[in-house]
Enquirer: 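The structure is given below, and queries will be raised subsequently.
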Amino acid sequence: MRYMITPCANGCKRGRMLRLIFPLPMLTQLEKVYEPQRFEPAWARWWIDNGIFKASAKNTGRTFSIVIPPPNVTGVLHMGHMLNHTEHDVVVRWHRMRGFNVLWLPGTDHAGIATQMVVERQLVTEGLTRQQLGREEFEKRVWKWKCESGNTIKKQMIQLGASCDWSRERFTLDPGLSLAVRETFVRLYEKGLIYRGEYMVNWCPRCFTAISDLETVHEETQGYLWHIAYPVIGTDRTLVVATTRPETMLGDTAVAIHPDDERYKDLHGKKVLLPLMNREIPIILDAMADPKFGTGVVKVTPAHDLNDFEAGRRHNLACIKVIGEDAKMTSAAGSYAQLDRFEARNEIIADLKAQDLLVGTEDHRLPLGRCQRCRTPIEPLVSKQWFVKTKPLAEPAIRVVEDGRIQLIPEHWSKTYFEWMYNIRDWCISRQLWWGHRIPAWHCHVCGQVTVTREEPAQCAHCQSTRIEQDPDVLDTWFSSGLWPFSTLGWPEQTEDLATFYPTSLLITGFDILFFWVARMIMLGLECMGDVPFRVVYLHTMVRDAEGQKMSKTKGNVIDPLEVTEKYGTDAVRMALMRGASPGTDISIGVDNIESARAFANKLWNASRLIFMKMESSGVDSWAASPAANVPLPEALPESLIIPLEDKWIFSRLNRCADAVNRSIETYRFHEAAQTLWHFVWHEFCDWYLELKKLRFEENSGINTHWRNLLTVYESALRLLHPLMPFITEELWQRITDGSPDRPQSLALAPYPQYQAGSSDSKAEFEMEILQSIVTAARELRADMKIDPKATMDGVLVVREKAQAMIGEMHTGIERLSGAKLEVLATADGVEGVKRGFPEFDLIIRVSAAQAEAQRSRIQKEVDQVEKVISSSERQLADEKFLSRAPQHVVDTIKEKLAGYRAQLQKLRESLNDSH
RNA sequence: GGUCGCUUAGCUCAGUUGGUUAGAGCGUCUGCUUCACACGCAGAAGGCCAGUGGUUCGAGUCCACUAGCGACCACCA
């Protein structure tokens, strides 16, 4: 037993914890079925306890740094996180194994509104409100909650194998990060990039705070366009306005018409009587009124509509707030005061009807802004808030993407980014919440001025009064997230970490927070650090279910990562995700995908089981070579003269595999890396290589060479696979290493196999292909002719020159894998039986005439197919235009291939004639 | 309203600069309890690459349009 379950040494009350007694270099036989639950938690712990993932601030070598998109402390891990974390971990482990000084910095976000809502909901169950509790008590309460449940995400990440440096874990409300927030705020304020003022903001009456434009979601909604008649004073005419929000009319301070609108020219300079309120308001001339829309007359409510607010400024109109922060009508709404805004709407419509002033109603689809958090319809209202002036920050942020100092992947996101950046509007950063970074501004009760400083001031900077009070508001969560890539490294202090790891190398995140987060980090990074926060942004898309549907609780199609990792193993879920993770497309994940990934893990497990069993019976107890960064050259190995074909072949394939995988990960083509490894391990290493090696061990000759080569390849494969499937590979790797001090402590620290020029062996690959074709041909014949699977077939093999030596060496293997006793002859003359002909060999199986017949239809089909290809190639080679315009190498290739097809056709025809 | 993306086997998707029998996994069918693995082995079937037109010697790949789906942005009453 290598694992022991012991009570947690530090007296943790949670009961027993898995602890690992390790390392114990030990090669024992594996259980028959792969049970990841038995070793995954132990390795997760072990990696951390042994500091495998610690970055060094002093390291002067190549550095790779990445910060996690901090999950909400309120959060519970979902599939999107798991995808994100797996992508991070693959890239991070890959770099670490390539010898980089790697930092993956983890942490969480205080998530202002979201967290506050969670705790408030808790309070409701106790019959309390935060107001009853008071600000200080409430904050304590949130902190308490944060400390209790805030570690969930961390534990879950550890369980997923995320190779973060937990010693550098950060939280957006940490003292250091709060310092960074304050520093940034003061700097921006001093540069005039932060200002306070009364403007139209998006107000959520349920969350009771202003929110930014990005936090409102627009939704097409079916509504009405009401036509309301406003009597024109001094005439018997009326002006008919069209509105979607009649309740705001109580706050109208003008109606607007287009100056050139002929219909109303005679009314210029007149006034109308605002119905229900009996207030006289002017008719103003403004281009905001589109003569083609509705009636061409717009009511102007500066307090409740952005356009109207601006029109109000242009025309110096009063701003009458008729809807309050609680979404109820204010006292300015006269008899409607205290009504909810939607109730008021109904009453107003009824009252207008009664007075015959409602002259029309038409259906109208309109976009309705809702609060991102609680879906409550947003109330645009005028309010005194803090804003960031974004244009000056956006300009350099646009430039760095334009000139490639930051690269967005997939590249097409740049356009979306530019689009938003060019049209950026000022950012409302104050929130009327209690959970977050308090705004470092103090209001003076005496002179009314504001003091903004880094340190808490004792007196007003303007009148020296001590009657000052800190602004009650907190900052938008994204303000602190925007500083994440450098605030986490110690800024504004000039720390070693900051010098070593900023700018970070890469950011991996979802496109859904491109504006919320990525854009703001770029702006604030450039502003505060004078350099980009990261060089590459890889944006992945959404995780969907097997049918490509968005996962949602209401649809019931959510896959819980913890459930499935528990059931199928973390490695399996990681692999399933990676196989689907191609840049730019959504990832569909169903249980099927995860099951097949588990099958892959099980395959690797059982291949290892085979290897370990054979090692034991051969008296080999560990793998003795040190891992090398390069895929080894078989020629460089001792006893090179007797390297068997399967070894030359597998080394060559391993080399190509390493090449492909390295290039795939480098370009974030995770699906490609996964695919390549899957194919190599399963269909090359297991299906062919191990099958051939099993026979070698039976033969029991040259056993040391076989072992050395096999273990070298196997060990390299584990290393290649490690970033994707860290647990199973570590578990297996530790079992074959002998624990000597020159060996890395963990597979996570072993060098990642690199392509080595000259290590590919085309001759071996060619010969192996021939071998595979012979075996496959024999199996096809057996299946087609329904020959007893257990019967040894009797046959003849005629091999042409290039492959003859191979047949000599591999004869036993070919016979065993094809299940046929094969006589090797120089020609096939006079041999009776079913024949499969190939350019490199003929395979003839002796069968009865009845069995042979089954072969004919399939060969005929192939003949038809090849004939078609030949005729199309011939047509092309006869085409003058093609010959004159296509490049020579294309013409040559076709000529070559045509020759091949012809040979193939001839062979097929022979088979057809001979098979009787 | 603006922008972007997608449409390839029954399903989910690959297919890097255009180059000639279009690939994988799952599913389906046939046969195998072969001493690593039935989470397996061996074999097979299955696709006028959404449609139309264009560029080209050559198009799943480039261009235009059409249809369907999806996402993001958005202050027109």
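In the text below, chain A, chain B and the rest are named by the order of the sequence lines, each starting its count at 1.
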Enquirer: Using the side chain to side chain donor-acceptor pair (under 3.5 Å) rule, take Trp203(A) and Ser383(A) through it: C-alpha gap first, then chi angles, then the decisive distance, then the call.
Expert: CA-CA 9 Å; Trp203(A) 182 268; Ser383(A) 173; over 6 Å; no
Enquirer: Remember a base hit wins even if backbone is also touched, and classify Lys415(A) as base, sugar-phosphate or nothing at under 4.0 Å, heavy atoms.
Expert: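 The residue Lys415(A) makes sugar-phosphate contact but no base contact.
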Enquirer: When the distance from CZ of Arg370(A) to P of rC75(B) is rounded to whole Å, what number comes out?
Expert: 16 Å
Enquirer: With a 3.5 Å cut-off and just heavy-atom distances, do the side chain of Lys614(A) and the base of rA36(B) make a donor-acceptor pair?
Expert: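 Such a pair does not exist between side chain and base.
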Enquirer: Is Arg782(A) touching bases, backbone alone, or none of the nucleic acid, heavy atoms closer than 4.0 Å?
Expert: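 Counting heavy atoms under 4.0 Å across all strands, no contact is made by Arg782(A).
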Enquirer: Using a heavy-atom cut-off of 4.0 Å across all strands, would you classify His218(A) as base, sugar-phosphate, or nothing?
Expert: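 Base, at least one base atom sits under 4.0 Å.
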Enquirer: Rounded to whole Å, please give me the gap between CG in Leu677(A) and P in rG25(B).
Expert: 15 Å
Enquirer: Across the strands shown, which category fits Phe511(A) at heavy-atom distances under 4.0 angstrom: base, sugar-phosphate, nothing?
Expert: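 Sugar-phosphate contact only.
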Enquirer: Scan Ala289(A) against the nucleic acid and name what it touches under 4.0 Å (heavy atoms): base, sugar-phosphate only, or nothing.
Expert: base
Enquirer: Work out how far the P atom of rU28(B) is from that of rC6(B), and round it to whole angstrom.
Expert: 32 Å
Enquirer: Can a donor-acceptor pair under 3.5 Å be found between the side-chain atoms of Asp592(A) and the base atoms of rC26(B)?
Expert: no
Enquirer: Quick one: are Val298(A) and Met288(A) in side-chain contact, heavy atoms under 4.5 Å?
Expert: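 A side-chain contact exists here, since the closest heavy-atom pair is under 4.5 Å.
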Enquirer: Under 4.0 Å between any heavy atoms, over every strand shown, what does Lys868(A) touch: base, sugar-phosphate, or nothing? Just pick one.
Expert: nothing
Enquirer: Determine the sole option in Asp252(A), Ile283(A), Val240(A) for which the side chain to side chain contact (heavy atoms under 4.5 Å, CB included) test with Tyr230(A) is passed.
Expert: Asp252(A)
Enquirer: Less than 3.5 Å between a donor and an acceptor, one on the side chain of Glu220(A) and one on the base of rA74(B), is that the case here?
Expert: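 No.
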Enquirer: What's the CG-C1' distance between Asp879(A) and rU56(B), to the nearest Å?
Expert: 12 Å
Enquirer: Considering Watson-Crick and G-U wobble pairs with both distances under 3.5 Å, what does rG53(B) pair with?
Expert: rC63(B)
Enquirer: Does a donor on one side chain and an acceptor on the other come within less than 3.5 Å for Glu666(A) and Asn662(A)?
Expert: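 Looking only at side-chain atoms, Asn662(A) and Glu666(A) do not form any donor-acceptor pair under 3.5 Å.
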Enquirer: Can you tell me the distance, in whole Å, between the NZ atom of Lys786(A) and the P atom of rU30(B)?
Expert: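 The distance from NZ of Lys786(A) to P of rU30(B) comes to 11 Å, rounded to the nearest Å.
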Enquirer: Watson-Crick or G-U wobble partner for rC69(B), using a 3.5 Å limit on both distances?
Expert: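 Its partner is rG5(B) (Watson-Crick or G-U wobble, both distances under 3.5 Å).
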Enquirer: Taking OP1 and OP2 of rC41(B), is either one under 4.0 Å from a side-chain nitrogen or oxygen of Lys603(A)?
Expert: yes
Enquirer: Does Gln876(A) get its side chain close enough to the base of rU20(B), under 3.5 Å, for a donor-acceptor pair?
Expert: yes
Enquirer: Out of Glu362(A), Arg345(A), His364(A), which one pairs with Trp226(A) under the side chain to side chain contact (heavy atoms under 4.5 Å, CB included) rule?
Expert: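 Filter result, single survivor: Arg345(A).
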Enquirer: Between P on rC72(B) and CG on Asp512(A), what's the gap in Å once rounded to a whole number?
Expert: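 In whole Å, rC72(B) P lies 8 Å from Asp512(A) CG.
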Enquirer: Tell me the partner of rC48(B), counting only Watson-Crick (N1-N3 plus N6-O4 or O6-N4) or G-U wobble (N1-O2 and O6-N3) with both under 3.5 Å; none if nothing fits.
Expert: none
